[in-house]
There are 2 protein chains.
Amino acid sequence: MVTLEDVAASAGVSRATVSRVVNGDINVKAQTRSKVEAAIIELGYSPNPAARALASSQSNTVGLVTTSYRGGFFGALMDTVQSETERHGKQLLVTQGRSFAEKELSAIKQLYNLRCDGLVLHIRALPDETLRHLAGQGYKFIVLDRDVPGLEERCVVFDHRAASQLATRVFIDGGHTAIACLHGPGSRASSLLRRQGFLEAMAQAGLRPAAVLEGEYDIPGGYQQASALLKETQPTAIYCCNEEMAIGAMLAITERGLRIPQDISLICYDSGERAAFVRPALTSVHFPISEMARFATRKLLDEHCVAESFAPVIIHRASVRSVH
Amino acid sequence: MVTLEDVAASAGVSRATVSRVVNGDINVKAQTRSKVEAAIIELGYSPNPAARALASSQSNTVGLVTTSYRGGFFGALMDTVQSETERHGKQLLVTQGRSFAEKELSAIKQLYNLRCDGLVLHIRALPDETLRHLAGQGYKFIVLDRDVPGLEERCVVFDHRAASQLATRVFIDGGHTAIACLHGPGSRASSLLRRQGFLEAMAQAGLRPAAVLEGEYDIPGGYQQASALLKETQPTAIYCCNEEMAIGAMLAITERGLRIPQDISLICYDSGERAAFVRPALTSVHFPISEMARFATRKLLDEHCVAESFAPVIIHRASVRSVH
DNA sequence: CTGTTAGCGCGTTCAA
DNA sequence: TTGAACGCGCTAACAG
């Protein structure tokens with residue numbers, strides 16, 4: 001491996017000078033700079049991150065702790081966080097928490113021991129209490145899609161309740177009255193909020209839900225609940241609180257010979273790119289996880305960055321019809 | 001941050017001794033060891049990875065370059081590689097190549113500049129030639145699911161042709177004669193091999209394929225091709241060269257009021273956990289990407305590890321019926 | 001079994 | 001605008 005020293009010798013300057021041009025210091029004569037740059041290219045020099053980290057006591061890494069590596073959601077998250085950290089010349093380290101508080105905590109500590117400059121946390125098992133404690137200990141982190149009381153300035157949140165209300169109203173405004181909701185596990189705060197939003201919108205319209213079913217946030221979860229639902233009753237609209245569930249529901253619906261949207265309209269929460277590509281393309285409430293992740297990462301790395309808010313938006317595609 | 005020195009002072013020994021207990025050196029008196037361990041715990045010491053890397057000229061990281069972060073495939077890959085690297089006390093760095101040769105190469109170089117101890121490569125755009133060149137340059141890496149002539153000992157491969165033959169024969173042995181195949185983009189070596197395996201098995205049985213269609217390796221790809229297919233003809237069996245395509249095909253099939261497996265049998269390539277969870281559960285050829293990734297990582301890290309071979313296996317579930 | 005001593009490659013004063 | 005010199009925290013001989 002070629003070192004600073006080698007470059008310095010080759011260019012006939014001191015190591016300090018090479019260090020300056022590598023780090024973009026302004027106080028270098030143009031001529032010297034190009035001499036050094038030539039030597040760098042010729043020798044194929046690349047700074048040793050470990051030495052750099054040691055000398056500057058900055059690792060130039062940021063850590064990401066997520067719930068899991070599976071699902072369309074995670075790819076988008078990781079993609080965004082990584083491109084953002086790269087823009088800042090930092091390397092991303094990723095670890096999964098697997099939804100166990102203990103694992104999440106150990107992932108955080110591991111990353112902290114690795115001297116990450118900061119962490120982006122997308123976790124749900126770890127109690128608010130612990131998070132506040134860590135913040136008190138001087139851990140630098142941003143929490144994604146979760147509202148931790150007392151740590152508001154470190155949280156990047158989304159109003160799931162409002163999003164669900166919006167989605168439900170699309171049905172209501174379309175003249176639907178027999179509307180069902182398929183939501184995720186009650187153990188998750190965001191599931192509950194989505195369910196609540198649905199119920200509120202229905203109540204406001206003076207409507208009784210055709211059904212409110214809980215299932216896993218995946219394809220079979222959607223399939224099972226939708227199958228069960230259709231055995232009992234036939235709503236004209238179903239709101240699915242997650243993309244995977246929606247695909248499962250589609251399977252159950254078409255399997256019974258029903259058509260979307262002619263017989264049943266569908267809206268889903270859209271956290272990936274799936275809703276757009278399935279046929280018929282699903283009308284959805286856009287959950288801007290990429291944008292949120294980008295903001296979270298910037299917030300972590302920039303001292304100052306303009307506040308952003310993430311309002312729910314409906315993306316109209318082809319899975320809803322009016323019954324007026 | 002507490003350092004080795006702090007621990008040494010607190011325990012009343014030299015830094016070298018602390019280093020020894022931290023690194024599990026045997027030459028430490030039990031009594032001294034426990035004294036040091038106590039001090040480590042008391043002070044909450046954790047070694048500085050940068051200092052360590054610098055002193056030992058070993059980064060203790062391994063790099064993973066993948067095509068993309070999306071899709072069920074990637075999660076399994078990353079999960080496996082990470083747990084394996086962790087077992088070796090190393091940190092995983094991940095970068096995506098996005099299927100562009102240029103990006104893949106720059107990802108590799110980046111990771112190399114980061115001084116990774118080795119790389120696991122799951123990429124397809126970069127030419128064999130370049131890979132051989134890198135190997136010649138002293139880059140240490142293992143290539144996953146790709147056969148690079150001249151680099152056989154660095155490749156962990158799977159026989160896609162044999163796997164497809166196996167899958168096709170399940171239909172043939174079940175008495176099917178009108179069998180179609182939906183495969184992925186012709187630009188990928190593995191797509192071509194899967195297609196070829198299908199054609200060979202059919203030819204061996206003296207059967208003409210009902211259709212052989214190419215589409216994208218995703219849900220809409222499967223949906224579109226299956227829809228097109230069913231407009232023309234109605235095979236009794238469809239072989240889908242990927243899980244996503246199979247789900248798309250299911251959508252198209254059920255949408256036309258056909259049932260699986262009563263009207264149409266389905267087998268898919270299974271690289272994730274989706275095939276098992278969809279309804280009906282899909283009979284599949286298991287593509288053991290996790291096992292292969294584990295082996296690749298071990299091969300990279302252990303000097304010696306027993307050779308493994310990855311034979312295709314059929315997992316019988318509920319999407320095939322005999323027409324005897 | 002334990003301590004001493006050199007670096008590892010770089011950033012960063014401080015002088016010049 | 002440049003160079004000399006120190007130290008970041010740790011590993012790895014080498015003595016003892």
Side-chain angles (χ1 to χ4, degrees), chain A residues 1-40 43-61 88-91 110 112-117, chain B residues 1-40 43-61 88-91 110 112-117:
Chain A
M1 274 290 144
V2 11
T3 71
L4 248 201
E5 178 111 45
D6 300 332
V7 177
S10 160
V13 298
S14 74
R15 295 180 322 178
T17 301
V18 179
S19 175
R20 287 189 188 100
V21 348
V22 168
N23 294 300
D25 190 312
I26 325 167
N27 299 318
V28 180
K29 208 200 304 176
Q31 194 183 340
T32 315
R33 178 183 300 282
S34 44
K35 213 167 44 179
V36 172
E37 280 167 347
I40 289 178
L43 300 180
Y45 167 73
S46 136
N48 182 322
R52 220 172 210 194
L54 186 56
S56 67
S57 57
Q58 259 225 91
S59 69
N60 266 305
T61 61
H88 287 260
K90 293 181 192 293
Q91 173 65 32
Q110 184 198 134
Y112 184 70
N113 285 340
L114 254 18
R115 309 323 197 240
C116 285
D117 298 339
Chain B
M1 274 291 143
V2 11
T3 71
L4 249 201
E5 177 112 43
D6 300 332
V7 177
S10 161
V13 297
S14 74
R15 294 179 321 175
T17 301
V18 180
S19 176
R20 286 190 189 98
V21 348
V22 168
N23 295 298
D25 191 312
I26 325 165
N27 300 317
V28 180
K29 209 202 301 177
Q31 193 184 339
T32 315
R33 180 183 299 281
S34 44
K35 212 167 47 179
V36 173
E37 279 166 348
I40 288 178
L43 300 180
Y45 167 73
S46 138
N48 182 322
R52 222 173 206 192
L54 186 57
S56 65
S57 56
Q58 259 227 88
S59 69
N60 267 307
T61 60
H88 286 262
K90 293 180 191 292
Q91 172 65 32
Q110 183 198 136
Y112 184 69
N113 286 338
L114 253 20
R115 305 329 194 239
C116 286
D117 298 339

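In what follows, chains carry the letters A, B, and so on, assigned in the order in which the sequence lines appear, proteins first and then strands, with residues in each chain numbered from 1.
A close approach under 4.0 Å does occur between a side-chain nitrogen or oxygen of A/Thr17 and OP1 or OP2 of D/dG3. Checking the phosphate oxygens (OP1, OP2) of D/dT11, a side-chain nitrogen or oxygen of B/Asn23 falls inside 4.0 Å. Note on B/Arg52: a side-chain N or O is less than 4.0 Å away from OP1 or OP2 of D/dT11.
In terms of position on DNA chain D, the residue among B/Arg20 and B/Pro49 whose nearest nucleotide sits closer to the 5' end is B/Pro49. Of the residues near DNA chain C, B/Ser56 and B/Ile26, the one whose nearest nucleotide (by heavy atom distance) lies more toward the 5' end is B/Ile26. If B/Arg33 and A/Ala55 are placed on DNA chain C by their nearest nucleotide, the residue sitting closer to the 5' end is B/Arg33.
Among D/dT11, C/dG3, D/dT2, the nucleotide with an atom closest to any side-chain atom of B/Ser14 is C/dG3. Proximity note for A/Thr3 (side chain, C-beta onward) versus C/dC10, C/dT4, D/dG3: the nearest is C/dC10. For B/Ala16, the listed nucleotide lying nearest its side chain is D/dA12; candidates were D/dC10, D/dA12, C/dC10. Side-chain proximity of B/Val13 to C/dG3, C/dG11, D/dG9: nearest is C/dG3. Of the candidate nucleotides C/dT2, D/dG9, D/dT2, C/dT2 has the atom nearest to the side chain of B/Lys29.
Not a single donor-acceptor pair under 3.5 Å links the side chain of A/Ser19 to the backbone N or O of A/Arg15. Remark: the backbone N or O of B/Gln31 is paired with a side-chain donor or acceptor of B/Ser34 at under 3.5 angstrom. Remark: side-chain polar atoms of B/Asn23 are not paired, donor with acceptor, to backbone N or O of B/Asp25 under 3.5 angstrom. Counting only distance, with no hydrogens or angles, the side chain of A/Ser56 and the backbone of A/Arg52 share a donor-acceptor pair below 3.5 Å.
In this structure, a donor-acceptor pair under 3.5 Å is present between the side chains of A/Arg115 and B/Ser46.
D/dC8 atom C1' lies 13 Å from atom CG of B/Asp6, rounded to whole Å. The CG-P distance, from B/Asn48 to C/dC10, rounds to 16 Å in whole Å. Rounded to an integer number of Å, the gap from B/Arg15 CZ to C/dT4 P is 10 Å. The interatomic distance linking A/Leu114 (CG) with D/dG9 (P) rounds to 16 Å, in whole Å. As a whole-Å value, the separation of B/Leu54 CG from C/dG11 C1' is 12 Å. At whole-Å resolution of the value, CG in A/Asn27 and P in C/dA15 are 18 Å apart. The separation between A/Asp25 atom CG and C/dG11 atom P is 11 Å, rounded to whole Å. Computed from coordinates, the B/Gln58 CD to C/dC8 C1' distance equals 13 Å when rounded to whole Å.
Nucleic acid contact class of A/Leu4 (heavy atoms, under 4.0 Å, all strands): sugar-phosphate only.
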